[in-house]
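Quick note on labels: first sequence line is chain A, next is B, and so on, each numbered from 1. Bear in mind the structure is a predicted one, so any value in this text is a computation, not a measurement.
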Amino acid sequence: MRILQLHVDYIEYFPVSKEIADAETLTLNEKQRLEDTVVILMSIERGDEDSMIVDIAAEIKDYLEKIKGKSVLLYPYAHLSSNLESTDKAFNLFVKIEKELRQMFNQSDITINRAPFGWTKTLEFKVKGHPMAENSKSFHKKKDIQQTKFNNEREDLLDSCHDIEENDGGVSEALKTEKNLKSEWYILDTSGNLIKQNEFKFSKSERNLENLLNYEILKKRIVDEQPPHVKLMRKLGISDYEPASDSGNMRYYPKGRLLKSLLEQFVTRKVSEYGGLEVETPIMYDSHHPSMESYFNRFPARQYNIKSDQKDLFLRFAACFGQFLMAKDFQLSYKNLPLKLYELTRYSFRREKSGELVGLRRLRAFSMPDCHGFCRDLDQAKSEFLKRFQLSVSVVEEIGLSTRDDLEMAIRFTKDFYSENKQYIHNLVKDFGKPVLVEMWDERFFYFTLKWEFNFIDNLGKASALSTDQIDVENSERYGITFVDEYGNKKYPIILHNSPSGAIERVIFALLEKSAKLMRQGKVPYLPLWLMNTQVRIIPIGNEFMPQCNELLAVLKENSIRGDIDDRDETLSKKIREAETEWIHYVVIIGEKEVASNTVSIRERLTKKNYSENVTKLVTLIKDQVKDKPFLPINLQEYLSSRPRIAS
RNA sequence: GGUCAUGUAGCUCAGCCUGGCAGAGCGAAGGUUUUGUAAACCUUAGGUCGCGGGUUCAAAUCCCGUCAUGACCUCCA
């Protein structure tokens with residue numbers, strides 16, 4: 001049984017003619033109009049039975065309470081399903097549901113109405129414009145297997161290329177699968193033991209994995225506060241909300257822009273070393289292009305739509321279709337595979353509901369590295385998949401997030417894929433090095449058969465997906481991407497979808513949340529040295545030492561180290577304090593003593609050590625840490641006296 | 001849409017319960033100071049107390065409405 005609940009300002013219907021032979025007899029043959037009511041469009045499906053009535057009535061009651069509705073119209077609506085029950089049985093059940101509702105609301109001021117069954121009717125209504133005004137549910141006979149509904153966090157996990165399914169008569173395949181998705185949850189340990197989630201004993205060090213499980217399936221939310229990174233991103237002058245734009249479209253201050261640029265360059269270089277070919281695809285597409293049309297007409301809500309002249313356009317929410325449309329026009333031989341296309345989208349757009357947006361965790365405009373690998377067969381896909389796993393691990397580790405302490409892995413696959421590839425999956429977990437969360441589906445609902453992702457668990461116990469990869473066995477056919485094999489046959493490649501880091505903004509979110517965790521533990525918060533706008537802050541004891549400061553700054557510049565000079569008329573203590581609050585790793589002080597001994601005084605923030613060294617040593621010290629990470633010059637005035645105050 | 005909370009100087013906030021001159025710290029500007037490892041000192045400028053209405057001799061404060069924001073609920077191809 002499927003129902004669609006609509007909270008409407010009004011509804012009008014008029015029975016025109018009998019649609020089936022045994023349509024019920026009408027008591028009133030005139031136009032009906034109801035104001036401010038909940039319309040329940042209902043399809044009764046094959047096999048639906050009386051035992052479900054209670055659940056349905058409970059759902060309706062629940063919905064009414066939430067929106068404070070006082071009136072219900074039950075409306076038989078066959079078009080929600082292609083698997084309908086016979087009309088006599090359906091009518092029977094329909095009337096029983098009405099009866100149950102009347103009984104339930106017997107004592108209340110809620111009125112129950114019902115539209116006639118078996119009639120062709122004219123229908124007009126206006127749905128209210130609030131988020132809960134539309135709500136679809138499906139009901140099934142009680143089974144043992146747990147049913148999960150996709151929530152929004154899972155959307156990340158599904159990642160970029162959402163299902164594009166053919167219409168099957170009113171409700172999309174994607175919507176159907178979502179509501180019917182059956183999966184079981186396990187923990188898979190590094191020795192290959194698959195343990196049911198409720199039987200696994202979490203050790204102390206596995207608290208985050210437990211959090212992930214809670215977050216994913218038990219939907220336990222612990223907190224009601226703003227995540228700490230929001231304050232940090234403002235305090236550090238990284239980014240902030242932009243009230244003049246749409247929510248979820250942030251402004252990035254100089255420090256934030258530099259941080260993003262460095263991360264972007266780093267990920268792009270890593271993918272390039274792996275063999276990804278960087279391309280660029282449009283950020284907007286024609287909503288009426290054949291590849292998009294059937295899909296978007298049904299779900300117009302989730303992306304930004306633009307009307308320009310006569311054209312309807314939408315902003316991309318992933319790099320997938322741009323790359324697929326490109327690959328479709330390539331002439332591919334098996335000799336060219338695996339082919340890896342890569343783009344770092346700046347931006348991808350998703351018009352998430354306003355209530356879902358928080359700081360840098362979830363945005364409406366975000367930068368997503370996206371690498372698609374086109375493989376000739378499953379064997380090639382599997383071996384490539386491993387390389388990309390290693391790539392992803394090294395990317396997040398080098399960024400400064402450790403798979404051991406900061407990230408939890410989830411793997412999702414179908415039962416069939418698991419039984420055929422047990423050893424392969426066990427090896428993946430072994431490579432990861434600690435137990436992972438497993439979601440196993442009975443059958444394949446999505447375009448992929450295997451997918452993993454790294455989740456960062458933030459200070460509030462919420463999980464956010466970062467790196468991910470999937471084995472996609474469907475989209476090449478859908479987009480018409482083919483290659484020619486060694487016998488001259490056209491074949492569809494298997495496509496891998498990898499984001500080695502996840503969204504760049506979300507990486508910053510994770511780094512800041514990690515720092516907040518450190519603060520909570522009484523430790524020193526920090527961002528990796530290579531991502532700091534100011535790597536070295538130079539402070540003269542007095543104005544007369546400015547020449548020596550300038551000399552040092554020049555040496556740092558020559559060595560690709562970002563430095564600046566605090567030349568303001570402030571006390572030394574205050575300058576040091578401000579360098580601390582900016583999380584600057586190295587503060588160098590130059591005064592009489594230093595000039596005399598030809599050294600500099602170094603204050604190391606992370607180790608809280610003060611010592612004197614010569615300049616060469618200082619340079620080496622920093623270069624050893626930054627190594628071959630991308631470098632860009634400082635993105636602020638080098639003299640603090642000429643710098644505007646940005647952080648709040 | 002619901003529940004709760006918040007909205008006062010550029011920022012962070014106090015004042016509201018119990019109506020009586022619009023406040024503090026930081027920041028900014030000017031000056032003094034020339035600094036040795038986490039906040040020098042003095043002075044000055046800064047306000048449509050979100051908006052509209054009501055009660056009152058008098059409203060930031062009480063009441064009603066409204067807008068915005070946040071958390072949660074809900075929803076989320």
Partner of A29(B) by Watson-Crick or G-U wobble geometry, both contacts under 3.5 Å, or none? U43(B)
I want to check something: taking the side chain as every heavy atom from C-beta on, are D469(A) and L496(A) in contact at a cut-off of under 4.5 Å? yes
Taking CD from E592(A) and C1' from U35(B), how many angstroms apart are they, rounded to a whole number? 13 Å
Looking only at atom C1', what distance separates A22(B) and A58(B), rounded to whole Å? 16 Å
Taking the same atom, P, in G53(B) and in G15(B), what whole-Å distance lies between them? 27 Å
In this structure, how many angstroms lie between the P atom of U37(B) and the CG atom of D566(A), rounded? 16 Å
By the Watson-Crick or G-U definition, both distances under 3.5 Å, U66(B) is matched with G50(B)
Contact class for E604(A) vs. all strands (heavy atom < 4.0 Å): base, sugar-phosphate, or nothing? nothing
Does the pair R361(A) and E513(A) meet the rule for a salt bridge (Lys or Arg N to Asp or Glu O under 4.0 Å), with working shown? CA-CA 10 Å; R361(A) 178 173 187 251; E513(A) 287 287 330; over 6 Å; no
Distance between C1' atoms of A68(B) and A29(B) (Å, rounded): 32 Å
Salt bridge check, E582(A) against K255(A): does any charged N sit closer than 4.0 Å to a carboxylate O? yes
Reckon T571(A) has a side-chain N or O less than 4.0 Å from the OP1 or OP2 of A40(B)? yes
Mind checking the P distance from U43(B) to G27(B)? Whole angstroms is fine. 16 Å
By nearest-heavy-atom nucleotide on RNA chain B, the more 5' of V587(A) and Y241(A) is V587(A)
Going through the checks in order, is the ring-ring contact (aromatic ring centres under 6.0 Å, His included) test met by Y526(A) and Y586(A)? CA-CA 12 Å; Y526(A) 68 95; Y586(A) 293 97; over 10 Å; no
For K575(A), answer base if it contacts any base atom (sugar-phosphate contacts may also be present), sugar-phosphate if it contacts only those atoms, and nothing otherwise; contact means non-hydrogen atoms under 4.0 Å. nothing
Expressed in whole Å, how much space separates the P atoms belonging to U8(B) and G1(B)? 23 Å
Between F324(A) and H372(A), is the gap from one ring center to the other below 6.0 Å? yes
Given U37(B), U33(B), U12(B), the nucleotide with the shortest approach to the side chain of R234(A): U12(B)
In terms of the nearest nucleotide of RNA chain B, which residue is placed more toward the 5' end: E544(A) or T581(A)? E544(A)
Looking at F456(A), I'd like to know if the NZ or CZ of K517(A) sits under 6.0 Å from its six-membered ring centre while staying within 45 degrees of the ring's axis. yes
Syn or anti for G46(B), please, going by whether the chi angle lies within 90° of 0. syn
Residue matched to U55(B) through Watson-Crick or wobble contacts both under 3.5 angstrom: none
Smallest separation among heavy atoms of A463(A) and L212(A), with atom names: CB-CD1, 3.5 Å
With a 3.5 Å cut-off and no angle check, do the side chains of Y253(A) and N533(A) form a donor-acceptor pair? no
Integer-rounded Å distance: G36(B) C1' and R603(A) CZ: 12 Å
Taking any strand in view, what nucleotide pairs with A9(B) in a Watson-Crick or G-U wobble way, both distances under 3.5 Å? none
Assigned partner base of U74(B), Watson-Crick or wobble definition, under 3.5 Å: none
Inter-nucleotide C1' distance (A59(B), U69(B)), Å rounded: 25 Å
Under a 3.5 Å cut-off for both contacts, is G19(B) paired Watson-Crick or G-U wobble with anything, and if yes, with which nucleotide? none
When the C1' atoms of C64(B) and G30(B) are considered, how many whole Å apart are they? 48 Å
What integer distance in Å separates L6(A):CG from C75(B):C1'? 14 Å
Which atom pairs link the protein and nucleotides 24-28 of chain B when you take only N or O atoms and keep those under 3.5 Å?
residue	atom	partner	partner atom	Å
G27(B)	OP1	K574(A)	NZ	2.7
G27(B)	O3'	R645(A)	NE	2.9

Do any N or O atoms from the side chain of R350(A) and from the backbone of F317(A) form a donor-acceptor pair under 3.5 angstrom? yes
If pairing requires Watson-Crick or G-U wobble contacts with both distances under 3.5 Å, which nucleotide is the partner of A14(B)? none
Side chain E474(A), main chain F448(A), donor-acceptor under 3.5 Å: no
Could you check whether E505(A) and S367(A), counting side-chain N and O atoms only, form a donor-acceptor pair closer than 3.5 Å? yes
Treat primed atoms plus P, OP1 and OP2 as sugar-phosphate and everything else as base, then score nucleotides 5-10 of chain B 5' to 3': B for base contact with protein heavy atoms under 4.0 Å, S for sugar-phosphate contact only, - for none. ------
Whole angstrom value for the distance that separates C1' of U37(B) from CD1 of I576(A): 3 Å
Do you know the tightest heavy-atom contact between L512(A) and L232(A)? O-CD1, 3.5 Å
K235(A) NZ to A38(B) C1': how many Å, rounded? 12 Å
Which nucleotide, if any, forms a Watson-Crick or G-U wobble pair with A60(B), using both distances under 3.5 Å? none
Tell me: NZ of K609(A) to P of A38(B), nearest whole Å? 17 Å
Taking CG from L64(A) and P from G1(B), how many angstroms apart are they, rounded to a whole number? 18 Å
Same-atom distance (P) from C16(B) to G7(B), integer angstrom: 13 Å
